[in-house]
2 protein chains.
Amino acid sequence: MATQGQNTLLVAANKLKNNKIKNTPQRQVILSYLMTSHDHPSIEMIFKYVRKNGFSVSLATVYNTLQLFVDHNLIIEIAADSGGHMRYDYFEIPHYHVICVNCNKIVDVFDDSYKKNEKIATVETGYQVLNSQYEVYGICPECQRKIKEKEDKI
Amino acid sequence: MATQGQNTLLVAANKLKNNKIKNTPQRQVILSYLMTSHDHPSIEMIFKYVRKNGFSVSLATVYNTLQLFVDHNLIIEIAADSGGHMRYDYFEIPHYHVICVNCNKIVDVFDDSYKKNEKIATVETGYQVLNSQYEVYGICPECQRKIKEKEDKI
DNA sequence: ATTATTGCAAAGGCTTTGCACTAAG
DNA sequence: CTTAGTGCAAAGCCTTTGCAATAAT
């Protein structure tokens with residue numbers, strides 16, 4: 001988790017301006033974090049990150065800001081991890097998430113073929129489809145190794 | 001939401017026995033509800049349903065029981081609806097969910113083609129894939145109608 | 001100058017926990 | 001008979017809310 005560079009803050013500031021969202025330091029930092037990291041952070045991770053980078057924030061502001069970004073379709077909420085926490089992700093390019101059920105690590109797969117199912121869903125249900133999400137659950141390579149080590153000891 | 005028939009309770013009881021889960025009235029009713037309804041109920045819906053059918057339950061038991069069923073892969077948790085509540089679904093035949101962002105109504109689509117992406121995910125990430133979920137968000141036909149009526153009035 | 005955002009602290013709501021009672025195998 | 005499940009109430013945790021201070025355009 002590197003310290004926020006000045007330039008990514010400017011990119012975020014521009015994104016806010018384009019979306020007619022009032023610029024505040026908190027919003028810039030939160031958005032730039034979501035844009036540049038692949039952490040898929042939780043509320044708490046975002047809260048800590050902003051403070052670690054020398055900005056003031058309250059949890060209330062983090063909640064407000066994320067809701068605002070979701071409403072503007074800048075980011076998406078990802079289904080709760082196994083601790084029951086929502087995770088957030090900047091969502092410009094369609095992709096899906098592969099989630100480790102052991103350590104909750106989330107990685108992206110940039111393949112939008114899952115979106116094809118939206119057409120089928122429209123026809124089958126009559127719903128006016130707005131978007132869709134695909135999530136894969138499994139065990140990450142690191143946890144596979146750890147589990148194997150444990151088993152070998154027995 | 002029809003009253004629970006005796007036979008579906010027996011089916012549920014058998015399912016529990018096959019999974020070596022101790023049979024209790026609460027578990028039978030909850031499982032039979034999930035097996036036969038297409039409600040994709042929330043915790044609260046399940047709680048009310050069980051009491052409405054003349055059985056005693058506490059919320060703690062509902063939470064315990066659902067966790068138990070999830071652990072035994074009898075049911076799945078569906079991502080929170082817009083009220084932030086988890087929804088539960090009996091999951092024997094692969095299918096995905098189409099969720100109304102307005103009224104939270106959930107319908108099934110019995111098409112398992114989304115599962116194909118699991119192979120891609122395995123290759124791309126090295127994760128040992130256990131399962132995957134696909135969710136489509138949109139507006140149900142009924143809400144489309146309601147929204148149209150409102151607009152026509154303006 | 002005007003309007004929106006921030007942040008604190010308190011309130012709210014959902015979920016979990018501990019423990020005594022009761023039921024299942 | 002032994003082990004496990006249920007249910008109540010209390011505790012815990014996350015999220016939301018109200019309002020005064022502050023910052024953005």
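The distance from atom CZ of F47(B) to atom C1' of dG7(D) is 10 Å, rounded to the nearest whole Å. Between L68(B) atom CG and dG5(D) atom C1' the separation is 10 Å, expressed in whole Å. Between I46(B) atom CD1 and dT6(D) atom P the separation is 14 Å, expressed in whole Å. In this structure, I43(B) places its CD1 atom 12 Å from C1' of dT16(C), rounding to the nearest Å. Between the P atom of dG12(C) and the CG atom of L59(A) lies a distance of 19 Å, rounded to the nearest Å. Distance NZ (K20(B)) to P (dG5(D)): 15 Å, rounded to an integer number of Å.
Sorted by first and then second residue, the pairs that involve residues 113-133 of chain B and meet ring pair (Phe, Tyr, Trp, His ring centres under 6.0 Å), not counting sequence neighbours, are Y96(B)-Y114(B).
When the nucleotides dC8(C), dC14(D), dT6(D) are ranked by their closest atom to the side chain of Y63(A), dC14(D) comes out on top. With dC14(D), dT15(D), dG7(D) as the choices, the nucleotide that has an atom nearest any side-chain atom of V57(B) turns out to be dG7(D). For R27(B), counting side-chain heavy atoms from C-beta on, the closest listed nucleotide (dC14(C), dT6(D), dT6(C)) is dT6(D).
Taking K115(B) as the reference, E118(B) meet the salt bridge (charged side-chain N to carboxylate O under 4.0 Å, His left out) condition, with sequence neighbours excluded.
N104(A) and H85(A) form no side-chain donor-acceptor contact under 3.5 Å, judged by distance and modelled atom types alone. The closest side-chain donor-acceptor pair between N19(A) and H72(A), if any, does not fall under 3.5 angstrom.
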For nucleotides 18-24 of chain C, print each protein N/O atom paired with a nucleotide N/O atom at under 3.5 Å, atom names and distance only.
residue	atom	partner	partner atom	Å
dA24(C)	O3'	N23(B)	O	3.3

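Residue contacts for Q26(A): at a heavy-atom cut-off of 4.0 Å it reaches the sugar-phosphate backbone alone, with no base atom in range.
With respect to E149(B) and R145(B), no salt bridge is recorded, no charged nitrogen being found less than 4.0 Å from a carboxylate O.
Remark: side-chain polar atoms of Q144(B) are paired, donor with acceptor, to backbone N or O of G126(A) under 3.5 angstrom.
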